[in-house]
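Since we're looking at a predicted model, the values are computed, not measured. All chains are named by letter (A, B, ...) in the order of the sequence lines, taking the proteins before the strands, and each is independently numbered beginning at 1.
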2 protein chains.
Amino acid sequence: MVNYQHALDRTFAALTDPTRRAILMRLEAEEACSVSALAEPFAIKLPAVMKHLDVLHEAGLVSRSKTGRTVTVRLIPEPMRDAMEWLERYQRFWTPRLDRLAAYAEAQEAAMVKGHGL
Amino acid sequence: MVNYQHALDRTFAALTDPTRRAILMRLEAEEACSVSALAEPFAIKLPAVMKHLDVLHEAGLVSRSKTGRTVTVRLIPEPMRDAMEWLERYQRFWTPRLDRLAAYAEAQEAAMVKGHGL
DNA sequence: TCAATAGTTTTCCACATGGTGAACTATCAA
DNA sequence: TTGATAGTTCACCATGTGGAAAACTATTGA
């Protein structure tokens, strides 16, 4: 319970930074990337990228495996699934089908209540 | 484009804190809440809650409207929709194709039912 | 009018974050 | 062996975040 919250904290925190989201998007397209390949598109220096990778790693969103002198970074998507599941709670607000069904259900309920003179 | 990124930054940042997520959940269930009613379940003091509300407000996730001396806080779910849409990119990693087909079929069925005056 | 209630603002604190430059380790290749 | 390449670590800085206490404003009800 508490741990679950903790994990969500880290996940959302990791997703906060645009550089980190860009890294995740890159890994969604590319599957396996070296650290310097990941860093190349950005204006920031390697140590900064390193820190972002640390945050992503601590959030359980990437794995790092060393072969020779290069480190391969891979996406671990599971934590994002939990984040999405948390957000799904709010889907009813923008999903028209569910909206209308909910409105209908509400109207029915209201009618019932009225009908029973409450 | 840049603004969009900015908005997502704020959204994910707002979702990072468990207190803020709890506030959003409360507003999902309750629709309209006063500041002190929102603050009541937490161990932290009012000024801290105030700061959380500021963050949520800056992220466009809640509205505040004053009537008399009480301020009513309401959920604005739209930014979370954008966050979900960003995350949907990764759905393919955990949603087998059949799941998506099932969801589609379910939606179709619901549409049919509605069309027939349910 | 006066006290209680609802919120806000201010000042302060400890700590996290995102960045830098410089120095370091480890591996590959000439 | 020696130099380039890949990555890491360290010390530092400015800024942001989450919290508290205290003092404040504004509204309501007795």
Side-chain angles (χ1 to χ4, degrees), chain A residues 2 5-27 30 32-75 79, chain B residues 2 5-27 30 32-75 79:
Chain A
V2 177
Q5 282 234 335
H6 213 89
L8 259 193
D9 293 355
R10 284 191 202 278
T11 307
F12 281 126
L15 294 172
T16 294
D17 188 276
T19 301
R20 287 194 293 263
R21 289 202 303 276
I23 289 174
L24 292 172
M25 286 171 69
R26 173 87 178 264
L27 289 174
E30 234 161 297
C33 262
S34 72
V35 169
S36 40
L38 278 176
E40 189 272 325
F42 303 111
I44 59 177
K45 306 293 178 188
L46 250 193
V49 174
M50 211 62 44
K51 284 196 188 176
H52 285 306
L53 289 178
D54 288 346
V55 172
L56 289 170
H57 190 243
E58 289 238 312
L61 284 163
V62 301
S63 71
R64 298 157 106 164
S65 52
K66 194 163 186 171
T67 322
R69 66 182 158 177
T70 82
V71 169
T72 299
V73 180
R74 271 171 234 271
L75 181 68
Chain B
V2 177
Q5 282 235 335
H6 211 116
L8 259 192
D9 293 356
R10 285 190 202 279
T11 307
F12 281 125
L15 294 172
T16 293
D17 188 277
T19 301
R20 287 195 293 265
R21 288 201 305 276
I23 289 174
L24 291 173
M25 285 171 69
R26 174 88 178 264
L27 290 174
E30 234 161 297
C33 263
S34 71
V35 169
S36 40
L38 278 176
E40 190 273 327
F42 302 112
I44 58 177
K45 304 295 177 187
L46 249 194
V49 175
M50 210 63 45
K51 283 196 190 178
H52 285 306
L53 289 177
D54 288 345
V55 172
L56 290 170
H57 190 245
E58 290 238 311
L61 285 163
V62 301
S63 70
R64 297 157 107 164
S65 52
K66 194 165 187 172
T67 321
R69 68 183 157 178
T70 82
V71 169
T72 300
V73 180
R74 269 171 235 272
L75 182 69

Is [Y] close to [X] at the side-chain level, that is, under 4.5 Å between some pair of heavy atoms?
X: B/Lys51; Y: B/Val55; answer: no
X: A/Arg26; Y: A/Pro41; answer: yes
X: A/His52; Y: A/Ile44; answer: yes
X: B/Leu53; Y: B/Leu38; answer: yes

>> When you measure from the side-chain N and O atoms of A/His52 to the phosphate of C/dG19, is any distance below 4.0 Å, counting only OP1 and OP2?
In response: yes
Specify the separation, in whole Å, of atom [atom1] of [X] and atom [atom2] of [N].
X: A/Arg20; N: C/dG19; atom1: CZ; atom2: C1'; result: 12 Å
X: A/Met50; N: C/dT17; atom1: CE; atom2: P; result: 17 Å
X: A/Lys66; N: C/dA26; atom1: NZ; atom2: P; result: 8 Å
X: A/Leu46; N: C/dG21; atom1: CG; atom2: C1'; result: 13 Å
X: A/Leu53; N: C/dG19; atom1: CG; atom2: C1'; result: 15 Å

> What do the steps show when you test A/Arg64 against A/Asp54 for side chain to side chain contact (heavy atoms under 4.5 Å, CB included), and what is the final call?
Replying inline: CA-CA 10 Å; A/Arg64 298 157 106 164; A/Asp54 288 346; 2.8 Å; yes
> Is the side chain of B/Arg21 donor-acceptor paired with the backbone N or O of B/Leu15 at a distance under 3.5 Å, no angle test?
Replying inline: yes
> Which one, C/dA22, C/dA6, C/dG18, comes nearest to the side chain of A/Pro47?
Replying inline: C/dA22
> Nearest to the side chain of A/Arg69, which nucleotide is it out of C/dG18, C/dT27, C/dT8?
Replying inline: C/dT27
> Going 5' to 3' along DNA chain D, which nucleotides are the first and last within contact of chain B (any atom under 4.0 Å from a heavy atom)?
Replying inline: D/dG18 to D/dT28
> 5'-most contact on DNA chain C: B/Lys51 or B/Asp54, nearest heavy atom basis?
Replying inline: B/Asp54
> Base, sugar-phosphate alone, or nothing: which one does B/Ala48 contact when heavy atoms must sit under 4.0 Å apart?
Replying inline: sugar-phosphate
